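I'd like to ask you about the structure that follows.
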Amino acid sequence: MEDCIFCKIVDKKIPAGVVYEDDKVLAFNDIHPVAPVHVLIIPKIHIANVQALNSENAAVLADIHLAAQKIAEKLGVAQSGYRLINNCGEGAGQTVFHLHYHLIGGTNLGAKLI
Ligand code: AMP
Ligand code: ZN
């Protein structure tokens, strides 16, 4: 989608620190990491957020989770633990309107959700 920064990363028009890629999913380091491991996992197709999922495109959720497994192994947090976070909508802090999951780890995250 034009004017979508994450679509531009998918199209390699903007550089990113790619940590994983397959035909459905791309994952890259967040530019403002909040933990030693902070990766964004996105579908290659443009979906604005969870509210824009439907039965036609929801298979990307499985792809994202399977990618998360591989990324966690690769970056050494599969055993220590990690959190997958999705912000849906402005009120939840979503700033980029292309579906993405934050994979955060490499530190003790504790049990607090917010
Ligand atoms: P959210 O607030 O859930 O929409 O998360 C958007 C995330 O995208 C933020 O953590 C930003 O730091 C990150 N971000 C924005 N632009 C880029 C970029 N060009 N490359 C990597 N991460 C980015
Ligand atoms: Zn997009």
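Computed from a predicted structure; not experimentally measured. Order of appearance sets the numbers: ligands from 1, and atoms from 1 within every ligand.
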Practice problem: Return a yes/no value for Val96: is any of its N or O atoms, backbone included, closer than 3.5 angstrom to an N or O of ligand 1? | Solution: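 N/O-N/O distance under 3.5 Å: yes.
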
Quiz item: Linking I/L/V/M/F/W/Y whenever their side-chain heavy atoms sit closer than 4.5 Å, directly or via other members, would Val34 and Leu109 fall into one cluster?
Solution: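 Same hydrophobic cluster.
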
Quiz item: Which atoms of ligand 1 have any heavy atom of Ile5 under 4.0 Å away?
Solution: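 Ligand 1 atoms under the 4.0 Å threshold to Ile5: 19 (N).
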
Practice problem: Provide, to 0.1 Å, the distance between atom 5 (O) of ligand 1 and the closest protein heavy atom, together with that atom's residue and name. | Solution: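 Among all protein heavy atoms, the one nearest atom 5 (O) of ligand 1 is His100 NE2, 3.0 Å.
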
Quiz item: Is it the case that more than 12 heavy atoms not belonging to Asn108 sit under 6.0 Å from its CG atom?
Solution: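 Atom CG in Asn108 is not crowded, with 12 or fewer foreign heavy atoms closer than 6.0 Å.
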
Quiz item: In degrees, rounded to 10 degrees, what angle do Cys4 atom SG and Cys7 atom SG make at the Zn ion (ligand 2)?
Solution: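 Output for this angle: 120°, rounded to tens.
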
Quiz item: Do Ile41 and Leu26 sit in the same hydrophobic cluster, where Ile, Leu, Val, Met, Phe, Trp and Tyr count as joined when their side-chain heavy atoms come under 4.5 Å apart?
Solution: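 No: no chain of side-chain contacts under 4.5 Å links Ile41 to Leu26.
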
Self-check item: Distance (rounded to the nearest 0.5 Å) between Leu40 CG and Ile85 CD1
Solution: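 Going from the CG atom of Leu40 to the CD1 atom of Ile85 covers 10.5 Å.
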
Quiz item: Taking N or O atoms only and a 3.5 Å limit, does Thr95 qualify as a polar contact for ligand 1?
Solution: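 Right, the criterion is met.
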
Quiz prompt | Side-chain donor/acceptor of Lys44 to backbone N/O of Asp22, under 3.5 Å | solution =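 Here the side-chain-to-backbone pair exists.
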
Quiz item: Counting only N and O atoms by type, is there a donor-acceptor contact under 3.5 Å from the side chain of Asn54 to the main-chain atoms of Asn57?
Solution: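 At least one qualifying donor-acceptor pair exists.
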
Self-check item: Salt bridge flag under 4.0 Å for residues Glu2 and Lys8
Solution: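 Looking at Glu2 and Lys8, the cut-off is not met.
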
Exercise. Can you sort out which atoms of ligand 1 are near Phe6, meaning under 4.0 Å from one of its heavy atoms?
Key: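 Contacts of ligand 1 toward Phe6, numbered from 1: 8 (O).
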
Practice problem: Among all protein heavy atoms, pick the one closest to atom 14 (N) of ligand 1 and tell me residue, atom and distance. | Solution: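 Heavy-atom neighbour on the protein nearest atom 14 (N) of ligand 1: Ile31 CG1, 3.6 Å.
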
Quiz item: Mind checking whether Val37 and Phe28 sit in one hydrophobic cluster, side chains of I, L, V, M, F, W, Y counted as touching below 4.5 Å?
Solution: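 Each belongs to a different hydrophobic cluster.
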
Quiz item: Going by heavy atoms in the side chains, are Val39 and Ile104 under 4.5 Å from each other?
Solution: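 The answer is no, as the side chains (C-beta and beyond) never meet within the 4.5 Å cut-off.
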
Quiz item: Which N, O or S atom name in His46 marks its closest approach to the Zn ion (ligand 2)?
Solution: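 The atom in question is ND1.
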
Quiz item: Which of the numbered atoms in ligand 1 are below 4.0 angstrom from a heavy atom of Phe28?
Solution: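 With Phe28 as reference, the close atoms of ligand 1 come out as 21 (C).
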
Practice problem: Just need the protein heavy atom nearest to atom 2 (O) of ligand 1, so name the residue and atom and give the distance. | Solution: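 So the nearest neighbour among protein heavy atoms is Gly93 O, 2.7 Å.
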
Practice problem: Under 4.0 Å from a heavy atom of Asn87: give me the atoms of ligand 1 that qualify, with their elements. | Solution: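 Near Asn87, meaning under 4.0 Å from one of its heavy atoms, ligand 1 has 1 (P), 2 (O), 3 (O).
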
Self-check item: N, O or S atom within His98 nearest to the Zn ion (ligand 2), by name
Solution: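 Of all N, O or S atoms belonging to His98, ND1 is the one nearest the Zn ion (ligand 2).
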
Practice problem: Any atoms of ligand 1 less than 4.0 Å from a non-hydrogen atom of His102? List them with their elements. | Solution: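 Numbered from 1, ligand 1 contributes 1 (P), 3 (O), 5 (O), 7 (C), 10 (O).
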
Quiz item: With atoms numbered from 1 as shown, which atoms in ligand 1 lie under 4.0 angstrom from a non-hydrogen atom of Gln94?
Solution: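 Near Gln94, the atoms of ligand 1 are 4 (O).
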
Quiz item: Using heavy atoms and a threshold below 4.0 Å, how should the contact between Ile14 and ligand 1 be classified: side chain, backbone, both, or neither?
Solution: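 Near ligand 1, Ile14 shows nothing, with every heavy atom at 4.0 Å or more.
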
Quiz prompt | NZ (Lys12) with more than 12 external heavy atoms under 6.0 Å | solution =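 Buried by this count: over 12 neighbours within 6.0 Å.
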
Quiz item: When you measure from atom 11 (C) of ligand 1 to every protein heavy atom, which one gives the shortest distance, and what is it?
Solution: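 Checked against all protein heavy atoms, atom 11 (C) of ligand 1 sits closest to Asp30 OD1, 3.4 Å.
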
Quiz item: Does His100 reach the main-chain N or O of Pro43 with its side chain, forming a donor-acceptor pair under 3.5 Å?
Solution: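 No; zero donor-acceptor contacts below 3.5 Å.
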
Quiz prompt | Atoms in ligand 1 flagged as close to Asn29, the criterion being non-hydrogen separation under 4.0 Å | solution =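 Near Asn29, meaning under 4.0 Å from one of its heavy atoms, ligand 1 has 21 (C).
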
